[in-house]
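In what follows, a structure is listed as structure tokens, so that the remarks can point back to it.
Order of listing sets the numbers, starting from 1, for every ligand and every atom in it. Just so you know, residue 1 is the first one in the sequence shown, and it goes up from there.
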Amino acid sequence: MYRRPILAANWKMNKGPSETQDFVKSFIQKSSERFSADIVIAAPFLCLPALSESLREVDGVEMAAQNCSQFDDGAYTGEISVKMLRQVLVRHVIIGHSERRSIFGETNAVINAKMKKAREVGLKLIFCIGETLEERNAGQLEAVLSSQIIEGLAGLTLEDLDHTVIAYEPVWAIGTGVTATAEQAQEAHAYVRSVVASIYGEEAAQKMRIQYGGSVKPNNAAELMACPDIDGALIGGASLDAQSFFDIIKNGVPA
Ligand code: PGA
């Protein structure tokens with residue numbers, strides 16, 4: 001089945017509003033044609049209005065937030081609600097990134113609550129999962145991924161799944177320069193798809209796009225993206241530079 005590739009930049013806590021405008025200016029100078037892929041930029045909350053403004057004239061690039069609150073508007077100091085994200089025209093939200101899990105203590109239950117809240121307002125989900133090196137070495141890869149998927153997606157409908165992309169990001173490959181080999185990534189992606197099939201059926205699993213994330217660079221994008229179950233990439237460090245993000249797209253999704 002054809003699955004349209006989806007490549008997303010995850011800037012993490014980098015760039016302010018003015019750097020955001022510079023990035024978009026430089027990125028659009030490179031891309032005169034539309035890509036045959038969905039392109040998403042996940043910027044810090046504070047940059048989203050500037051990103052929205054800069055992307056007004058740009059076709060085919062959508063905005064994501066990197067997180068959202070699991071609560072509706074109210075007394076939650078320091079949080080950002082899904083309703084606020086919609087107001088600034090955000091279309092996607094990354095949920096369950098390993099940094100949110102490990103640094104900010106987000107559990108599968110919290111991640112599940114955020115996913116449901118985001119779907120209430122029609123946000124599309126980029127749902128991150130992935131194992132640590134200790135878990136992989138202890139033979140727990142499949143157990144970890146399946147519980148992240150089952151608990152993270154609990155209560156989400158088939159329609160919600162239609163608006164969900166899973167990002168498989170082995171924690172040991174994030175920001176380390178160590179990429180999973182194409183073979184390791186493909187194996188994990190096929191497993192992820194099989195878990196989705198066991199919950200939602202084969203057809204839904206075949207439609208589901210699964211991104212790989214973890215040290216994706218211009219020089220490894222093509223090999224990773226050529227794997228049958230890899231449908232895109234979530235790119236951290238190498239997405240901060242417009243040229244490098246552009247090269248990843250160009251190499252990963254040949255025209
Ligand atoms: P990286 O980050 O590309 O810098 O490894 C990926 C991610 O954390 O989404």
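Using a 30° and 60° split on the angle between ring planes, Tyr168 and His189 fall in the perpendicular class, above 60°. The aromatic rings of Phe27 and Phe246 lie perpendicular to each other, with more than 60° between the two planes, well past the 30° mark. Aromatic ring pairs are classed by plane angle as parallel below 30°, tilted from 30° to 60° and perpendicular above 60°; the pair Tyr76 and Phe71 is parallel.
Within the listing of ligand 1, atoms 1 (P), 4 (O), 5 (O) sit less than 4.0 angstrom from a heavy atom of Gly175. Using a 4.0 Å cut-off to heavy atoms of Leu234, the atoms of ligand 1 that qualify are 6 (C), 9 (O). Annotation for ligand 1: atoms under 4.0 Å from non-hydrogen atoms of Gly214 are 5 (O). Counting atoms of ligand 1 from 1 in the listed order, those under 4.0 Å from a heavy atom of Ala173 are 5 (O). Shown in contact with His97 at under 4.0 Å from a heavy atom are these atoms of ligand 1, numbered in order with element: 7 (C), 8 (O), 9 (O). Taking every heavy atom of Glu169 and a limit of under 4.0 angstrom, the matching atoms of ligand 1 come to 6 (C), 7 (C), 8 (O), 9 (O).
Assignment of Ser215 to the shell around ligand 1 is supported, since a heavy atom sits closer than 4.0 Å. Residue contacts with ligand 1: Gly213 is excluded, as none of its non-hydrogen atoms falls under 4.0 Å. At least one heavy atom of Lys12 sits less than 4.0 Å from an atom of ligand 1.
Ion pairing of Glu106 with Arg101 is absent here, as no side-chain N (NZ or NE/NH1/NH2) approaches a carboxylate O to less than 4.0 Å. Under the 4.0 Å criterion applied to side-chain N and carboxylate O atoms, Lys217 and Asp247 are not assigned as salt-bridge partners. Between Asp72 and Lys117 there is a salt bridge, since a side-chain N of the basic residue sits under 4.0 Å from a carboxylate O of the acidic one. Ionic pairing of Asp231 and Arg193 is present here: one or more N-O contacts between side-chain nitrogen and carboxylate oxygen are shorter than 4.0 angstrom.
Backbone and side-chain nitrogen or oxygen atoms of Ile174 are examined, and none is located within less than 3.5 angstrom of a nitrogen or oxygen of ligand 1. Between Gly237 and ligand 1, a contact under 3.5 Å exists for at least one N or O pair.
Of all protein heavy atoms, the one closest to atom 3 (O) of ligand 1 is Gly236 N, 2.8 Å.
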Side chain to side chain contact (heavy atoms under 4.5 Å, CB included) between Arg100 and Asn67, worked out: CA-CA 8 Å; Arg100 301 293 322 165; Asn67 182 27; 3.3 Å; yes

